Novice: 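One structure, pasted below without further comment.
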Amino acid sequence: MKPPELAARWMHALTSTAYIPLSHAEIEQILLDSLVELRESPESVASRLVSLHATGPDSLRATIEVLSPTFELPVLARLSSAYAQAMRIDAFDQQEQIKVAIVRAKQRVERTLKVSQARFQQVFDSAALGIAITDFDGRCVESNDALAGIVGLDSGAGLKERDLTDFFHPDDLAALSASYRRVRDGHADGFRDQRKLVRADGEPVWVHLAVSVLRDADGRPTHHVTMVEDTSELHLLQRNLDHQLLHDALTGLSNRQHFTTQLERQLDGDPITVYHLGLDAFSVVNNGLGHDTGDKLLKIVANRLGKLAHERNAVLARIGGDEFALMTTSDNVTSTVEEVQEVLAEPAFVDDRGIALSASIGVVDRPTAFATAAELMRCANSALRQAKARGKRQWALHDPHDDARRRGRYALAASMPGAWEHGEIQIVYAPVHDLKTREVLGAAARLHWDGLSHHDTMTLADSTGLSLPIGRWLLREACAHAARWAEESGDQAPTLHVALGALHSRDEDLVADVKRALDETGLPPERLRIALDISSVLAGDDNAAVLHDSGIVTALDGFRGGHDELAVLTEVPVRSVITRAPAPAPGSPLRQAMRGLVATVHSFGVRFGVDETHTLADADHWRAVGADGVIGLLPALAAAEVTGLFATTASPQPGAS
């Protein structure tokens with residue numbers, strides 16, 4: 001909703017709850033200005049509302065209802081708290097005026113007793129705040145009906161001669177009595193405090209107290225004056241807001257923030273175990289049966305896990321859409337995991353459908369003493385991802401060593417955009433050898449960064465989505481280099497081989513990217529070989545066929561020899577497959593199996609290539625089983641060095657087997 005519309009709606013809501021001595025246009029303008037600064041300074045907005053006299057019984061509720069769809073809960077909580085404070089200050093300002101009137105009325109007794117008594121009594125009785133005049137022993141000399149209502153009595157007469165301290169909450173009695181003595185003894189002019197009273201029926205009531213002294217004509221203190229404001233509703237509102245900030249709205253469980261706070265408190269106590277639960281295939285429920293059914297199921301799951309947590313004296317929280325966290329002490333991990341799976345496996349009937357779930361669970365058991373709550377949550381999440389990688393209904397225990405390795409890879413992935421921006425990622429070229437003729441046929445473009453292989457670099461880039469812009473850059477730059485090779489060496493120039501990552505291989509704009517790179521650099525299509533990640537073809541992507549129709553030779557990278565991969569060779573027009581398997585050693589059963597696999601690939605009219613082959617011995621092993629070519633036998637070269645390799649007549653050759 002636009003600010004002017006929201007201000008108009010707010011104005012109508014406020015004017016229906018309180019009389020504001022301004023025109024509607026003036027009120028609306030003030031509220032519009034308040035909307036601008038509400039997020040930055042809810043306190044000043046609250047003070048402005050009180051100064052406008054928007055202080056009716058329902059003014060705050062009306063304000064919250066109007067603003068809640070637009071503003072966040074923490075902003076509204078601060079506004080409510082500041083509004084209550086401003087109301088109290090305004091009320092206390094009025095109270096001070098009342099107190100002055102009381103004192104003056106007492107002083108006028110000697111002159112006009114009847115008139116002053118009438119005025120005093122009118123102010124005293126009609127005040128909206130509770131007022132009590134007590135002697136220094138705490139006995140009520142006078143009190144009004146408003147105070148009687150606050151403490152649950154019929155009238156102020158019921159308080160006369162009663163000890164006001166009888167209504168103090170036991171937890172506050174000592175502190176309040178000490179404050180009253182300080183005022184009596186002249187150590188303080190008065191005090192204000194928020195405390196709890198106990199009504200006549202035993203129910204607690206939150207109040208704000210303002211206490212001062214009455215003095216006689218000689219200035220000696222004779223009585224205490226206590227003014228009481230009932231703040232129970234505002235206190236309840238604040239508690240509700242606090243609860244909403246720390247609890248999940250759907251299930252009522254603690255949220256991530258609350259769980260983390262409780263985790264921090266427990267770190268220095270008994271050993272703990274943290275479980276991070278992720279419901280398996282919960283998206284199937286949402287997508288198949290609808291989000292309403294999913295929400296109902298989440299409530300059932302929360303209720304079942306809540307019972308389990310109660311039995312184990314554990315802390316349970318919902319920390320994500322379909323994720324929960326459990327913290328226990330002195331626990332047997334295996335039995336807890338089994339119990340969690342058991343309570344989830346029982347079908348829950350939602351909208352006449354019996355639905356059962358399982359969970360993947362990451363576990364951090366008795367973490368080291370120096371761990372922080374945030375670190376524990378991260379470790380539990382890491383363990384959960386490991387469990388999910390193993391399949392459904394699995395659990396994994398956090399392994400610090402494996403976690404350190406994974407974090408190192410994540411850190412590399414996160415730093416890759418900056419490295420690319422600063423030119424740290426370079427393109428080098430690995431010679432492509434034909435194993436039969438022992439000739440160098442081409443050069444494979446490689447990403448070189450931080451000692452990682454091309455495949456590992458592209459895998460990291462895939463994990464962050466950076467492989468698309470990096471892949472386009474690799475294509476464009478490599479084609480430009482190959483075009484210069486063709487200018488320098490003519491027909492003797494090497495063929496360019498480019499292996500793309502999984503994301504780029506299935507990208508809908510891949511064919512356009514390849515054609516754009518060829519058009520911009522002038523490289524003939526027949527001098528380019530594109531290796532697509534085989535997972536893209538298995539997923540049904542048709543980029544290989546479209547590239548083939550465009551005159552570009554394609555290969556399948558990451559070939560492992562499975563049935564589905566072999567079946568693809570009958571459907572997709574590719575020139576070769578590329579594997580990164582270790583070389584089969586002589587005498588190994590794997591050698592004969594690999595010989596059969598290579599022969600099968602050849603039967604489809606497809607060549608068999610091997611990437612990351614770095615020794616002559618490995619090249620000999622691959623030649624022995626019938627492979628056609630290897631990549632990486634010689635050290636990678638800069639673009640300017642490639643034509644020099646092809647001009648050299650003596651280059652390292654694979655030996656005979």
Side-chain angles (χ1 to χ4, degrees), residues 85-151 153 155-199 205-231:
Q85 181 66 18
M87 284 281 288
R88 285 194 291 271
I89 293 173
D90 184 68
F92 290 146
D93 289 341
Q94 297 179 33
Q95 294 165 17
E96 292 297 326
Q97 296 175 12
I98 294 172
K99 185 174 71 173
V100 170
I102 294 172
V103 173
R104 289 177 178 174
K106 286 289 188 181
Q107 292 173 343
R108 291 192 190 101
V109 170
E110 296 178 356
R111 300 190 302 269
T112 54
L113 181 59
K114 290 184 179 181
V115 174
S116 61
Q117 182 64 32
R119 290 177 179 174
F120 166 77
Q121 201 64 44
Q122 178 66 25
V123 171
F124 194 82
D125 293 339
S126 62
L129 300 174
I131 304 174
I133 299 175
T134 60
D135 61 24
F136 289 150
D137 292 328
R139 287 189 298 272
C140 287
V141 177
E142 289 189 65
S143 61
N144 63 359
D145 291 343
L147 179 58
I150 291 174
V151 298
L153 299 177
S155 67
L159 279 167
K160 196 166 185 178
E161 299 301 324
R162 289 195 62 171
D163 197 332
L164 187 60
T165 58
D166 290 344
F167 298 96
F168 292 169
H169 193 279
D171 295 342
D172 296 333
L173 179 59
L176 281 174
S177 298
S179 297
Y180 271 91
R181 286 194 298 270
R182 284 174 51 81
V183 174
R184 179 197 65 191
D185 297 339
H187 298 304
D189 294 333
F191 71 88
R192 296 181 178 185
D193 204 354
Q194 185 169 338
R195 293 289 180 174
K196 221 170 9 176
L197 300 183
V198 180
R199 290 166 49 90
V205 55
W206 281 92
V207 298
H208 201 95
L209 301 174
V211 178
S212 58
V213 294
L214 282 178
R215 300 179 184 274
D216 60 17
D218 297 326
R220 292 189 299 268
T222 59
H223 296 82
H224 283 126
V225 178
T226 303
M227 298 185 182
V228 183
E229 178 192 10
D230 187 347
T231 61

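Here the structure is a predicted model, which means the values were calculated and not measured. FYI, side chains are in, hydrogens and waters are out, and symmetry mates aren't considered; it's all heavy atoms of this structure.
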Novice: For Pro170 versus Val198, what's the shortest heavy-atom pair and its separation?
Specialist: CD-CG2, 4.3 Å
Novice: Rounded to the nearest 0.5 Å, how far does CG of Asp230 lie from CH2 of Trp206?
Specialist: 12.0 Å
Novice: Find out whether Phe167 and Val228 are in side-chain contact, i.e. whether some heavy atom of one side chain is under 4.5 Å from a heavy atom of the other.
Specialist: no
Novice: CG of Leu176 to CG of Asp193: how many Å apart, nearest 0.5 Å?
Specialist: 6.0 Å
Novice: Quick check on side-chain contact (heavy atoms from CB on, under 4.5 Å): which of Leu214, Asp135, Val183 does His224 satisfy it with?
Specialist: Val183
Novice: Between atom CE of Met227 and atom CG of Leu209, what is the distance when rounded to the nearest 0.5 Å?
Specialist: 12.0 Å
Novice: Supply the atom-to-atom distance Met87 CE to His208 NE2, rounded to the nearest 0.5 angstrom.
Specialist: 12.5 Å
Novice: So that I can tick it off, tell me whether Asp216 and Arg220 are bridged by a salt bridge, with the cut-off set at under 4.0 angstrom between side-chain N and carboxylate O.
Specialist: yes
Novice: Are Val205 and Val151 side-chain neighbours, meaning at least one heavy-atom pair lies under 4.5 Å?
Specialist: no
Novice: Which value, rounded to the nearest 0.5 Å, describes the distance between Gln194 atom CD and Arg88 atom CZ?
Specialist: 5.0 Å
Novice: Any idea which heavy atoms bring Leu164 and Ala132 closest together, and the distance?
Specialist: CD2-CB, 4.5 Å
Novice: Return the minimal non-hydrogen interatomic distance between Gly138 and Asp163, and the atom names on each side.
Specialist: O-OD1, 3.2 Å
Novice: If you define the side chain from C-beta out and look only at heavy atoms, does anything of Leu197 sit under 4.5 Å from Phe168?
Specialist: yes
Novice: Would you find a donor on one side and an acceptor on the other, under 3.5 Å apart, between the side chain of Asp137 and the backbone of Arg139?
Specialist: no
Novice: Any idea which heavy atoms bring Pro221 and Arg184 closest together, and the distance?
Specialist: CG-O, 4.1 Å
Novice: So how far is it from Tyr180 OH to Thr134 OG1, rounded to the nearest 0.5 Å?
Specialist: 6.0 Å
Novice: Does CG in Asp185 sit with more than 12 non-hydrogen atoms of other residues, nucleotides or ligands closer than 6.0 Å?
Specialist: yes
Novice: Going by the rule side chain to side chain contact (heavy atoms under 4.5 Å, CB included), which residues pair with Ala86 if we only count those two or more places apart in sequence or in a different chain?
Specialist: Ser47, Val50
